[in-house]
Chemist: 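The structure that follows is given in the form of structure tokens.
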Amino acid sequence: ALSSAASDVYKRQVISTEREHMENNLNLYYIFYTVALHKNISGAAKELYISQPAISKAISKLEQSLDVILFHRSSRGVTLTMEGELLFTQVQTAFSAIRHGEEQLKKVNELGISQISIGVSITLCKYVLLPYLQQFVKDNPHIKVTITCHPTMETLRDIDNSVTDIGVVGKDTICLLYTSPSPRDA
């Protein structure tokens, strides 16, 4: 039991160290990103509300940890080196992905919807639902859409049992839309 407890303590220390390292690096990368956007240290310092020497120190620390020079410095500002350009592209993509994730979470919280299930017949799915659904998915990337193709009676049963949120079924020459709980119960 003692070795298991010691192992758990060691794992927590490693995780804590990794988390601290990640947080430090994330700050350094954000400073690097901001300096690259402004093309000067003073503009980045103003945006980040930290001193120019602190910015310079952070950039130097990142350069040392990566063992590369990221900026050419001159009296008129800074320009990215080839290595800096490479890193900037990756960091820009990463921060864009983080912003996108935050936006999706915000939409989920605002709408209270993160997924929706749709039951539909094969024919209606192909010719009626999919053309509309493509735009819906594009406009609402934060909502996971699940489609189940069934005959009409199975789709209606899934609606009644709250297995499916929306059912699209055909009757004669019209398309009917049912939601869970089924409006047929009213």
Side-chain angles (χ1 to χ4, degrees), residues 4 7-8 11-12 14-38 44 47-48 62 66 80 83-186:
S4 176
S7 175
D8 288 345
K11 286 178 186 175
R12 280 190 297 251
V14 168
I15 289 170
S16 177
T17 302
E18 288 176 351
R19 184 179 304 129
E20 188 176 305
H21 179 73
M22 179 69 161
E23 287 173 6
N24 287 337
N25 279 347
L26 189 57
N27 287 332
L28 295 177
Y29 285 125
Y30 191 70
I31 291 169
F32 161 77
Y33 176 73
T34 306
V35 170
L37 287 176
H38 283 276
E47 180 177 325
L48 298 172
L62 183 59
L66 298 172
L80 290 166
E83 294 84 356
E85 288 280 353
L86 177 71
L87 183 62
F88 178 78
T89 300
Q90 297 304 314
V91 169
Q92 187 175 37
T93 300
F95 283 128
S96 176
I98 290 169
R99 273 192 304 279
H100 181 71
E102 288 174 342
E103 289 167 6
Q104 287 185 323
L105 286 174
K106 185 178 176 185
K107 284 184 179 180
V108 166
N109 287 336
E110 287 173 355
L111 297 175
I113 300 172
S114 61
Q115 62 183 20
I116 189 167
S117 62
I118 302 172
V120 63
S121 71
I122 294 171
T123 304
L124 288 177
C125 181
K126 184 176 181 180
Y127 297 107
V128 176
L129 182 63
L130 285 183
Y132 293 103
L133 195 58
Q134 287 174 337
Q135 188 62 45
F136 176 83
V137 169
K138 184 178 177 183
D139 293 342
N140 301 280
H142 58 284
I143 298 177
K144 177 184 173 190
V145 178
T146 306
I147 300 173
T148 306
C149 295
H150 286 305
T152 298
M153 292 312 294
E154 286 182 50
T155 298
L156 293 174
R157 185 194 67 228
D158 285 351
I159 289 290
D160 287 339
N161 295 329
S162 297
V163 173
T164 302
D165 298 312
I166 298 172
V168 182
V169 297
K171 184 172 182 178
D172 300 326
T173 59
I174 61 170
C175 181
L176 302 172
L177 179 69
Y178 291 99
T179 59
S180 182
S182 175
R184 292 175 287 122
D185 296 336

Chemist: List in chain and number order the residues that pass ring pair (Phe, Tyr, Trp, His ring centres under 6.0 Å) with Tyr33, two or more places apart in sequence or in another chain; answer none if no residue qualifies.
Modeler: Phe88, Phe95
Chemist: What pairs with Thr34 under side chain to side chain contact (heavy atoms under 4.5 Å, CB included), at least two apart in sequence or on another chain?
Modeler: Tyr30, His38, Ala44, Glu47, Leu48
Chemist: How many angstroms lie between atom CG of Asp160 and atom OG1 of Thr155, to the nearest 0.5 angstrom?
Modeler: 11.0 Å
Chemist: Listed by chain and number, what are the side-chain hydrogen bond (donor to acceptor under 3.5 Å, both in side chains) partners of Glu85, not counting sequence neighbours?
Modeler: none
Chemist: According to side chain to side chain contact (heavy atoms under 4.5 Å, CB included), who are the partners of Thr89, at least two apart in sequence or on a separate chain?
Modeler: none
Chemist: Pick out which of Asp158, Thr164, Thr146, Asp165 makes a side-chain hydrogen bond (donor to acceptor under 3.5 Å, both in side chains) with Ser117.
Modeler: Asp165
Chemist: Measure the CD-OG1 distance between Glu154 and Thr148 for me, rounded to the nearest 0.5 Å.
Modeler: 10.5 Å
Chemist: Rounded to the nearest 0.5 Å, what separation is found between the CD1 atom of Ile31 and the CG atom of Leu62?
Modeler: 9.0 Å
